[in-house]
2 protein chains.
Amino acid sequence: MEKNKEFSYKYPHPAVTVDCVIFGFDGKSLRILLIERGLEPFKGSWALPGGFVRMDETVEEAAMRELFEETNVKGVYMSQLSVFSEVDRDPRERVITVAFYALAKPSDHDVIGGDDAANAQWFSLDDYPTLVFDHEKIVKVAFSQLQRNFRAGNVGLEMFEDKFSISQLYALHSLVTQQDIDRRNFYKKMTSYEYIEPTSEKMRETPHKPSQLFSLDRTTYDLKVMESFNLYRYDHEEKAKVPKSKHHGKK
Amino acid sequence: MEKNKEFSYKYPHPAVTVDCVIFGFDGKSLRILLIERGLEPFKGSWALPGGFVRMDETVEEAAMRELFEETNVKGVYMSQLSVFSEVDRDPRERVITVAFYALAKPSDHDVIGGDDAANAQWFSLDDYPTLVFDHEKIVKVAFSQLQRNFRAGNVGLEMFEDKFSISQLYALHSLVTQQDIDRRNFYKKMTSYEYIEPTSEKMRETPHKPSQLFSLDRTTYDLKVMESFNLYRYDHEEKAKVPKSKHHGKK
DNA sequence: CCAAAAGTGTTACGAATACACCCATGA
DNA sequence: TCATGGGTGTATTCGTAACACTTTTGG
């Protein structure tokens, strides 16, 4: 390929990428999903999953596509976090990135590095490798957002298995909000939600804690989450079938 | 046609723009600031103030710059709203836009169309001209955001003069939230805030309403707003390091 | 004086907090 | 058995809602 610059414009254009901050929870610590770059620049370094937006897709579609290609994770709720556009944030050229964030359960996905990623792996938020570009900053902003959402009442049930105990929720809530909520009040609050339904089973954890298991009424929960926050549902396959839906909430 | 496309890339790049939704309040209705386009495409049509992001500026800087160039408005709190990236949202080429929104007082700014704008003008949200591109959608999303913020406790004091009455706040709050809050409870709530300070003056309105005037402690208020929401302060001159003015004595 | 809107007080309710207590389990 | 953590009950606080009432001003 001799002529390798085929796309010309009258004015300079920045490149546009997407980056995804995916949070998970393993029962002990909060985790983020990272990839090991398989291409230059910074080949071999760790980074947020993401990549260039194609000309025939929206940034949301790009985020879902890249996440799936690079980590095999799909079907999560994605939310636009922020645009990062510092002029020198990428050494190659001017790159503006749209950051997304989502919650996922580590066990639910077959996390396999693919495509441009040599590897994909969950890391503890307390101890993850140095990230390339300004991805550390993006992670910080994402965590702030997560913290805000949690303090505002979000419970992050997307990060749990089908069956979960209130103490697990409590552990996560404490981790994220950094607040010292009374355990018993938290218990009552959670069990008062109509979308958290008790099962009769019991579960066993590390030391000796027999605790009641609960399950989630996804339908009710989704409604609550959707109206509380600005979340959009992105099923990876969505683009393939669904046309364009437009609904306006005019009164 | 000669060769007028000097900027070449190996892969296609979208163009990146910013658009600003500026809300104001005139005592009666909620207003937005629009410009009449002075250039093609859609020359003569109305649009949100905005334009292309330069290679040497962030999207925030671009938003402030374009807003100032096209409408003469500056020194407002800007907040990233969302990225709009539908593939066909611009007829010229692939254009991804970062939408911002801010609150301003209509009277404080000398709204003059400039640069790419033939004209700039405040319109009532109930009755504004058809907008180009997907700007109507952006306005809708911005209003939803505004509504969310107001329901969450924001009072939009940025939209008022130095002296204001509680009934004015109440009128705006009712307009935005569409909620029927008790006037008297609202009054007490507002006057309980430490950043809303009574003055001894009185003001006169349409029929016969003498009402107490209040003023705003900007410092305290800014703190509250900054931590409640994700707002960033952008003084237009900031980049050129011009000293900040606290009071505007101009009229 | 009267109408209309501003401003003040008083009570009620519900969610969030604080904390006391009992139960189940495993070592 | 005891230590540890799960689960339940109850009182208090506080912000908000509901609503009665007084004051001010223009006509």
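Computed from a predicted structure; not experimentally measured. Convention: sequence-line order gives letters A, B, ...; per-chain numbering from 1.
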Next item on the list: Indicate, yes or no, whether a donor-acceptor pair under 3.5 Å links the base of D/dA20 to the side chain of B/Arg184.
Entry: yes

Next item on the list: Please state how far atom CZ in A/Phe186 lies from atom P in D/dT8, giving the value in whole angstrom units.
Entry: 15 Å

Notebook entry, point to check: Relative to B/Tyr193, does B/Lys224 satisfy both conditions: NZ or CZ under 6.0 angstrom from the six-membered ring centre, and within 45 degrees of the ring's axis?
Noted result: yes

Margin query: What is the separation between atom CD1 on B/Ile196 and atom P on C/dG7, rounded to the nearest whole Å?
Written below: 13 Å

Note to self: Name the residue from A/Phe133, A/Phe123, A/Tyr128 that meets the ring pair (Phe, Tyr, Trp, His ring centres under 6.0 Å) definition with A/Trp46.
What the structure shows: A/Phe123

Next item on the list: For C/dA6, take OP1 and OP2 only and decide whether either is under 4.0 Å from a side-chain N or O of B/Tyr187.
Entry: no

Check: So, is B/Ser211 close to the C/dA6 phosphate, meaning a side-chain N or O under 4.0 Å from OP1 or OP2?
Finding: no

Next item on the list: Whole angstrom is fine here: how far is it from OH in A/Tyr193 over to P in C/dA15?
Entry: 11 Å

Item checked: Donor-acceptor pair (no angle test) under 3.5 Å: A/Lys188 side chain, D/dG9 base -> yes

Check: Nearest of C/dA18, D/dT16, C/dT8 to any side-chain atom of B/Lys189?
Finding: D/dT16

Check: Quick one: the side chain of A/Arg183 and the base of D/dG7, do they pair up donor-acceptor inside 3.5 Å?
Finding: yes

Next item on the list: Please determine which of B/Asn119, B/Leu33, B/Ile35 meets the side-chain contact (heavy atoms from CB on, under 4.5 Å) test together with B/Glu70.
Entry: B/Ile35

Check: Does any N or O donor sit under 3.5 Å from an N or O acceptor when you compare the side chain of B/Asn185 with the base of D/dA18?
Finding: yes

Next item on the list: Tell me whether the centres of the aromatic rings in B/Phe160 and B/Phe25 are closer together than 6.0 Å.
Entry: yes

Next item on the list: Calculate the interatomic distance between B/Asp180 atom CG and D/dT16 atom P; express it in whole Å.
Entry: 17 Å

Note to self: Assuming nearest nucleotide by heavy-atom distance, tell me which of A/Asp182 and B/Lys202 is located more 5' along DNA chain C.
What the structure shows: B/Lys202

Check: Per the end-axis method with five pairs at each terminus, what is the bend angle of the helix from C/dC1-D/dG27 to C/dA27-D/dT1, to 10°?
Finding: 10°

